[in-house]
Amino acid sequence: MGTLSKALCLLLLFCTLAVAAADVADTGGAPKYKDPKQPLGARIRDLMNRMTLQEKIGQMVQIERTVATPDVMKNYFIGSVLSGGGSVPAPKATPEAWVNMVNEIQKAALSTRLGIPMIYGIDAVHGHNNVDPMLLKRIGEATALEVRATGIPYAFAPCIAVCRDPRWGRCYESYSEDYRIVQEMTEIIPGLQGDLPTERRGVPFVGGKSKVAACAKHFVGDGGTVRGIDENNTVIDSNGLFGIHMPGYYKAVNKGVATVMVSYSAVNDLRMHANKELVTGFLKDKLKFRGFVISDWQGIDRITNPPHLNYSYSVYAGISAGIDMVK
Ligand SMILES: *[C@@H]1O[C@H](CO)[C@@H](O)[C@H](O)[C@H]1NC(C)=O
Ligand SMILES: *[C@@H]1O[C@H](CO)[C@@H](O)[C@H](O)[C@H]1NC(C)=O
């Protein structure tokens, strides 16, 4: 429940952004959770008290756009939809085609009993081989503007892996082998989300209708796998883990990153998707990350080897580890 409240806290922030105009119009008699003038904690409590178990589970699920029919959105109370890699409404789709697609899915999400808008997520920025944080921030701003114009409020960026082995096939997604450069490059986060007002330091933040929620990924150690084998095992002591692979997350959390995506890889043989000590113990409890933690694509399936061996076990292990949204 604690985990779920935090996830819903962020969903509510999105609600405020997405349907602020509608909220203002219907204050009289509207439920508390829809009233932007109420304190956030009161809105969350009100909403949680109204939700059924099915609705709570649905809100923790992100599905691919190709299966996000209006019926599925309504019947399962789906919280979020994504475009998987290369999944587009049409080849070379126009901005209008994106807007129409998002609107269609959103209409179904809003027509459910509680009327909670779904959050559409998209892979928007990959691999920028430059070392100028201010330029990167402007790239974030431009990306946010274009993405948000289509009605999408969430980008799966940035990748803050520290690439420790040039054989790793995803080095192009990493800013550097040097964690200090990776830390500087987290400036893309305020570019995407907007600058954090000082009084809200550490709390997830999206600064208005031309900004999007960012996603620091892949938590943690994805660039440190043995022999650079992608999505494999990072064998490391705590000095290495907290001194090389974690510092990017210290910065990202301080800059108010709204979400964190978990890595397919393992740390010392324990899959990150089942790693309660690092996801809940460190990221949420120690670093006080208050946004939501999202799985990688079918990431919980891959907790077992072979993948999807025992899905109920995977759901149990993943949610217990601290994952708030499963895709
Ligand atoms: C790492 O890769 C090896 C060789 O492909 C594989 O046998 C092993 O299961 C992988 N380990 C993890 C944790 O992915
Ligand atoms: C799958 O996992 C569940 C939960 O841990 C367990 O109770 C069950 O026995 C497992 N099923 C199989 C076939 O291993």
Side-chain angles (χ1 to χ4, degrees), residues 1-4 7 52-63 76 79 82 84-85 123 126-127 156 159-174 177 179 182 215-249 260-284 293-327:
M1 248 348 232
T3 302
L4 189 57
T52 64
L53 182 60
Q54 283 88 339
E55 285 166 339
K56 288 173 184 168
I57 292 170
Q59 286 297 302
M60 294 175 77
V61 173
Q62 181 175 69
I63 61 174
Y76 298 99
L82 84 153
D123 267 316
H126 266 156
F156 300 125
C159 172
I160 56 169
V162 181
C163 180
R164 300 299 286 177
D165 189 323
R167 292 172 292 184
W168 185 42
R170 293 177 79 161
C171 262
Y172 71 92
E173 280 187 17
S174 158
E177 65 188 331
Y179 74 87
V182 172
C215 181
K217 63 186 189 180
H218 308 82
F219 186 79
V220 59
D222 46 347
T225 50
V226 287
R227 299 192 298 283
I229 303 172
D230 192 26
E231 301 167 9
N232 205 258
N233 189 21
T234 299
V235 180
I236 199 158
D237 63 13
S238 59
N239 283 345
L241 183 64
F242 297 108
I244 296 170
H245 296 285
M246 207 62 93
Y249 291 92
V260 168
M261 191 189 297
V262 180
S263 179
Y264 288 130
S265 55
V267 168
N268 300 328
D269 289 315
L270 178 56
R271 287 260 171 228
M272 279 309 303
H273 283 257
N275 200 319
K276 187 173 182 177
E277 195 183 326
L278 290 176
V279 176
T280 296
F282 194 78
L283 180 64
K284 292 186 175 181
V293 173
I294 188 163
S295 76
D296 207 332
W297 173 269
Q298 295 183 348
I300 64 163
D301 306 50
R302 300 209 210 168
I303 289 173
T304 56
N305 185 15
H308 211 88
L309 193 61
N310 182 342
Y311 199 61
S312 13
Y313 169 74
S314 286
V315 170
Y316 174 78
I319 302 300
S320 309
I323 292 169
D324 302 302
M325 181 169 272
V326 168
K327 74 159 168 268

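Since we're looking at a predicted model, the values are computed, not measured. Along the sequence shown, residues carry numbers from 1. Ligands are counted one by one from 1 in listed order, and the atoms in each one are counted from 1 as well.
For ligand 1, the atoms lying closer than 4.0 Å to a non-hydrogen atom of R271 are 12 (C), 13 (C), 14 (O). Below 4.0 Å from some heavy atom of E231 lie the following atoms of ligand 1, by number and element: 14 (O).
The protein residues lying under 4.0 angstrom from ligand 2, judged by non-hydrogen atoms, are N310, Y313.
Put simply, the side chain of T234 never gets that close to the backbone of V267: no donor and acceptor are under 3.5 Å apart. Of the possible donor and acceptor atoms, none in the side chain of K327 sits under 3.5 Å from a partner among the backbone N and O of I294.
Counting non-hydrogen atoms of other residues, nucleotides and ligands closer than 6.0 Å to OH of Y76 gives a total of 12 or fewer.
A salt bridge (Lys or Arg N to Asp or Glu O under 4.0 Å) check over residues 293-312, counting only residues at least two apart or in different chains, returns the pairs E231-R302. Listed by first and then second residue, the salt bridge (Lys or Arg N to Asp or Glu O under 4.0 Å) pairs that reach into residues 309-318 come to none, sequence neighbours excluded.
For ligand 1, none of its N or O atoms has an N or O atom of N305 under 3.5 Å away.
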Can you list, pair by pair, the side-chain donor-acceptor contacts under 3.5 Å of residues 314-321, counting residues two or more places apart and other chains?
{"from": "S314", "atom 1": "OG", "to": "I300", "atom 2": "O", "distance (Å)": "2.9"}
{"from": "S320", "atom 1": "OG", "to": "Y316", "atom 2": "O", "distance (Å)": "2.5"}

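The side-chain heavy atoms of R271 and N305, taken from C-beta on, include no pair separated by under 4.5 Å.
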